[in-house]
Student: 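Below you'll find the structure I mean.
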Amino acid sequence: MPTESPITPLARALAREASAVAGTPDAAAALEPPANAEFGDLATNVAMTLAKAAKRNPREIADDLVTRLPDADGLAGYIASAEVAGPGFINLTLSPRWFADAARAIAEAGDDYGRGQADPPERILIEFVSANPTGPPHVGHARQAAYGDSLARILDYSGHAVTREFYVNDWGRQMELFGASVAARYGQLLGLATEVPEDGYQGDYVRGIAERLREEVGDDYADRVDPPDAEALAVFALRGKDLMLAEMTAVLARFRVRFDDFFSETTLHEGGMVARGLEALIASGDAYEHEGALWFRTTDYGDEKDRVLRRSDGSTTYLAADVAYHLDKAGRGDARLLDVLGADHHGYIARLRAVIAAGGHDPDMLEVPIVQLVSLVEGGEAKKMSKRAGTLVTLSDLIDDIGVDAARFFLVQRSHETAFDLDLDVARAEGNENPVYYVQYAHARIAGILAQQPGAPADAGPPDALDPAERALLLTLAGWPEAVHEAERRRSPHRVAAYLMDLARDFHAFYHRCRVVGEAPAVMALRLDLLRATRQVIATGLGLVGVEAPDRM
RNA sequence: GCGCCAGUAGCUCAGUCGGAUAGAGCGUCGGUCUACGAAACCGAAGGUCACAGGUUCGAAUCCUGUCUGGCGCGCCA
């Protein structure tokens, strides 16, 4: 069963009392730890937000409220003190009993603490990475993969029904070029003087593809690649693509990224869906002929200019396939479509929304999170990456270099809306300068203690007093459901990473101030619950961003 | 020129339904291991939140304008 934050019941009780005092039906009560811990455990601005509606001085409302709170339903026994401060803030200090009850509740909720908060739960189709199957995924794809996969995990954890899809651009001129490039490398393996086309794929990985292809077909195509015939090229393109895609899937799996579906663009063309999509747009008046080409009237939906669907030579554009693809996606029964795109595709958003709208759907069902660029820094300088020069850093290279945990944590730690520099020297470090170990170390430390101390004393009751570090740690633990909820609502996995850094910091501070083993039963019981709760939340949180939570390091 | 994203500590970045003295990691300086893991902790230095106006009890946060940076603006994908 999903379990809410232990602060939530307090907030509900507070809102009820505040409404009663102010005489207003609904009180919006923010109840959160204050900026400065000296003010108490929790603070609320409810008196100030109610002041206008109630036409009363906020301090006056606050004064009335603090006299009622300690005895109110749901609060009795939990409020150690309530004071009015500043313009009308109410500062609360909570009793040891509340901390003990809260720690126990979180510890016992296990992996369900923070789960299932989607409001409302929806069927969501998330498409991400969708790298061209003509080459290995690079660092930019790595960021999109880390973002998309983490987001999918968070959406799923929050109660949405998530499908993860990879759109395969396996059609058109680029595939022909890829086939020709593979064919040329295959010819070279047989000692022929075949050359990769000028505008083809020059990367070394094409040799690898050709080698594996040769293992499949042997020398059967020896006399058909110099010069190549059309049928041979088609075979090289198709099999090359399959091999490339298999390799891509394997690397992504290594990166702990999985997909439910791989949707082939070719099936849209061969199945007639592209043609039917264009006909539908013509029928609805959303497409028109001009100078021999077919245009999509995307300006009707807010785009800057209309876009070509079918060129004057009769061939269809990339957009035509995307019309078919998005009409298909929109008709599958999902409430929401998420297209995760790179920053260089942001100009495409208006077009995609136009497709959805022209298909008779609510354009707001489509969300397009844009993942900004990531650049690599090494030795204090930007690492130059060039596809042509072969200095592109692939996802595989990145994993080999800094490891999956560091790569995923770094890539998801920053907001997807911000371009950032990934410092390889820091990410590579296995020591204290690497943030991912800061979080993992907290988990391993707790595992070590709990391994020696199996159970808490039963019925120990709350301790007489609390250490400030205990208060801070529990209040941060109480913030976990809100952190996940925010990550889900804002499509921002980096909120989870930021939360984990905060939690790890509070735990390490707690650890240094508070011993667990050998303390009085009531103290030890609370601290063991804090350890169990912290360990669980770290494990859950790291799991949501695809990072392991080791028991030993 | 138009559009999207950004501009917060020496560096990389959090902070975005407006709240009290703006935070973290790294880096710098100084401390802490004879009790549960020092990959840790404690303390210090370090900020005109790009700039200028506006909204209000209150603005890093909302509005307007300016400047700077990244990306985009094809009958390419």
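Residue numbers start from 1 in every chain, and the chains themselves are labelled A, B, ... in the order their sequence lines are given, proteins ahead of strands.
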Student: Are A:Lys305 and B:G74 close enough that a side-chain N or O sits under 4.0 Å from OP1 or OP2?
Tutor: yes

Student: Do we see a donor-acceptor contact under 3.5 Å between the side chains of A:Asp502 and A:Thr476?
Tutor: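 No, no side-chain donor-acceptor contact under 3.5 Å.
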
Student: Are any protein N/O atoms closer than 3.5 Å to N/O atoms in nucleotides 42-47 of chain B? If there are, list each pair with its distance.
Tutor:
none

Student: Could you work out which one of B:G19, B:A77, B:G70 sits closest to the side chain of A:Phe89?
Tutor: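 Nearest to the side-chain atoms of A:Phe89, counting from C-beta on, is B:G19.
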
Student: Is NZ or CZ of A:Arg445 both nearer than 6.0 Å to the six-membered ring centre of A:Tyr511 and within 45° of the ring axis?
Tutor: yes

Student: Quick test of your reading of the model: are A:Arg428 and A:Glu378 salt-bridged, counting only N-O distances below 4.0 Å?
Tutor: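 Salt bridge present between A:Arg428 and A:Glu378.
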
Student: Classify A:Ala444 by what it touches in the nucleic acid, base, sugar-phosphate, or nothing, heavy-atom distance under 4.0 Å.
Tutor: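 Counting heavy atoms under 4.0 Å across all strands, the contact made by A:Ala444 includes a base.
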
Student: Do you see a donor-acceptor pair shorter than 3.5 Å between the side chains of A:Thr298 and A:Arg353?
Tutor: no

Student: In this structure, how many angstroms lie between the C1' atom of B:C4 and the NE2 atom of A:His416, rounded?
Tutor: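 Checked: the NE2 to C1' distance equals 12 Å.
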
Student: Fit a plane to each ring of A:Tyr325 and A:Tyr167, take the angle between them on a 0 to 90° scale, and name the class: parallel (under 30°), tilted (30 to 60°) or perpendicular (over 60°).
Tutor: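 Parallel.
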
Student: If we ignore angles and hydrogens, is there a donor and acceptor under 3.5 Å between the side chains of A:Tyr318 and A:Gln174?
Tutor: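 There is no such pair (donor and acceptor under 3.5 Å, judged by atom type) between the side chains of A:Tyr318 and A:Gln174.
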
Student: Roughly, in whole Å, what's the span from CZ in A:Phe507 to C1' in B:C36?
Tutor: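 After rounding, the gap between these two atoms is 9 Å.
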
Student: NA contact type, A:Asn132, heavy-atom cut-off 4.0 Å: base, sugar-phosphate, or nothing?
Tutor: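 The residue A:Asn132 makes sugar-phosphate contact but no base contact.
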
Student: Measure from OH on A:Tyr348 to P on B:C76 and round the result to the nearest Å.
Tutor: 12 Å

Student: Does B:A38 have OP1 or OP2 sitting under 4.0 Å from an N or O in the side chain of A:Tyr511?
Tutor: yes

Student: Taking OP1 and OP2 of B:A24, is either one under 4.0 Å from a side-chain nitrogen or oxygen of A:Arg414?
Tutor: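 So the side-chain polar atoms of A:Arg414 never come under 4.0 Å of the phosphate oxygens OP1 or OP2 of B:A24.
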
Student: Report yes or no: is there a donor-acceptor pair, N or O only, under 3.5 Å between the side chain of A:Asn45 and the base of B:A20?
Tutor: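 By the distance-only test, no, there is no pair.
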
Student: Look at the side chain of A:Ser312 and the base of B:C75, then say whether one donor and one acceptor between them are separated by less than 3.5 Å.
Tutor: yes

Student: Among B:A35, B:A20, B:A39, find the nucleotide with the atom closest to the side chain of A:Arg515.
Tutor: B:A35

Student: For a quick check under 3.5 Å, do A:Arg414 and A:Thr418 share a side-chain donor-acceptor pair by atom type?
Tutor: no

Student: NA contact type, A:Asp199, heavy-atom cut-off 4.0 Å: base, sugar-phosphate, or nothing?
Tutor: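 Since no nucleic acid heavy atom lies under 4.0 Å of A:Asp199, the category is nothing.
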
Student: With a 3.5 Å cut-off and heavy atoms only, can you find an N or O donor on one side and an acceptor on the other between the side chain of A:His346 and the base of B:G3?
Tutor: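 By the distance-only test, yes, there is a pair.
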
Student: Does the side chain of A:Ser492 get closer than 4.0 angstrom to OP1 or OP2 of B:U16 through an N or O atom?
Tutor: no

Student: How close or far is atom C1' of B:A20 from atom CE of A:Met48, stated in whole angstroms?
Tutor: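 Spelled out: CE on A:Met48 to C1' on B:A20 is 9 Å.
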
Student: So A:Ala293, base contact, sugar-phosphate only, or nothing? Heavy-atom distance under 4.0 Å.
Tutor: base

Student: Out of B:C13, B:A20, B:C75, which has the shortest distance to the side chain of A:Thr418?
Tutor: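 Taking heavy atoms from C-beta onward, the closest nucleotide is B:C13.
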
Student: Inspect the contact between A:Glu289 and A:Arg310 and indicate whether a charged nitrogen and a carboxylate oxygen are less than 4.0 angstrom apart.
Tutor: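 Between A:Glu289 and A:Arg310 there is a salt bridge, with a charged N closer than 4.0 Å to a carboxylate O.
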
Student: Using a 4.0 Å heavy-atom cut-off, does A:Ser415 contact any base of the nucleic acid, only the sugar-phosphate backbone, or nothing at all?
Tutor: sugar-phosphate

Student: Given B:G37, is OP1 or OP2 found less than 4.0 Å from the side-chain N or O atoms of A:Gln452?
Tutor: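 Result: yes.
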
Student: Should A:Phe39 be counted as stacked on B:A20, where stacking needs a ring-centre gap under 5.5 Å and an angle between planes under 30 degrees?
Tutor: yes

Student: At 4.0 Å (heavy atoms only), tell me whether A:Asp551 reaches a base, stays on the sugar-phosphate, or touches nothing.
Tutor: base

Student: If only side-chain N and O atoms of A:Arg489 are considered, is one of them under 4.0 Å from the OP1 or OP2 phosphate oxygen of B:C17?
Tutor: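 Result: no.
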
Student: In this structure, is the centre-to-centre distance between the rings of A:Phe166 and A:Phe263 below 6.0 Å?
Tutor: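 Judged by ring-centre distance (under 6.0 Å), A:Phe263 and A:Phe166 do not meet the cut-off.
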
Student: Can you tell which of B:C73, B:G37, B:C76 lies closest to the side chain of A:Arg311?
Tutor: B:C76

Student: Would you mind reading off the distance between A:Tyr437 atom OH and B:C26 atom C1', rounded to a whole angstrom?
Tutor: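 Between C1' of B:C26 and OH of A:Tyr437: 16 Å.
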
Student: Nearest whole Å is fine: how far is B:G37 P from A:Arg535 CZ?
Tutor: 13 Å

Student: Nearest-Å distance, CD (A:Gln372) to C1' (B:A14)?
Tutor: 17 Å

Student: At less than 4.0 Å, is any side-chain N or O atom of A:Arg445 found next to OP1 or OP2 of B:A38? Yes or no.
Tutor: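 Yes, within the criterion.
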
Student: Syn if the chi torsion is within 90° of 0, anti otherwise; quick check, which is B:C36?
Tutor: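 This nucleotide is in anti.
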
Student: Do we see a donor-acceptor contact under 3.5 Å between the side chains of A:Asp41 and A:Thr93?
Tutor: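 Result is no, nothing qualifies.
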
Student: Does A:Arg495 put a side-chain nitrogen or oxygen below 4.0 Å from OP1 or OP2 of B:G15?
Tutor: yes

Student: Tell me whether the side-chain N or O atoms of A:Asp344 pair up with the base of B:G72 as donor and acceptor below 3.5 Å, since no angle test is needed here.
Tutor: no

Student: Please tabulate the protein-to-nucleotide N/O contacts below 3.5 Å involving nucleotides 28-34 of chain B, giving atom names and distances.
Tutor:
none

Student: Have a look at A:His494 and say if it touches a base, only the backbone sugar-phosphate, or nothing, with a 4.0 Å heavy-atom cut-off.
Tutor: sugar-phosphate

Student: Any salt bridge linking A:Asp303 with A:Arg307? Criterion: basic side-chain nitrogen under 4.0 Å from a carboxylate oxygen.
Tutor: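 Salt bridge flag = yes for A:Arg307 with A:Asp303.
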
Student: For a quick check of understanding: with a heavy-atom distance under 4.0 Å over all strands, which category does A:Glu291 fall into, base, sugar-phosphate or nothing?
Tutor: base

Student: In sequence, state the C-alpha distance, the side-chain angles, and the governing distance for A:Tyr438 and A:His508, and then conclude on ring-ring contact (aromatic ring centres under 6.0 Å, His included).
Tutor: CA-CA 9 Å; A:Tyr438 187 76; A:His508 286 307; 5.0 Å; yes

Student: Look at the side chain of A:Arg490 and decide which nucleotide, out of B:A20, B:C75, B:U16, has an atom nearest to it.
Tutor: B:U16

Student: Across the strands shown, which category fits A:Asp421 at heavy-atom distances under 4.0 angstrom: base, sugar-phosphate, nothing?
Tutor: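 Here A:Asp421 touches the backbone only, sparing every base.
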
Student: OP1 or OP2 of B:A77 less than 4.0 angstrom from a side-chain nitrogen or oxygen of A:Tyr318, does that happen here?
Tutor: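 For B:A77, OP1/OP2 do not have a side-chain N/O of A:Tyr318 under 4.0 Å.
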
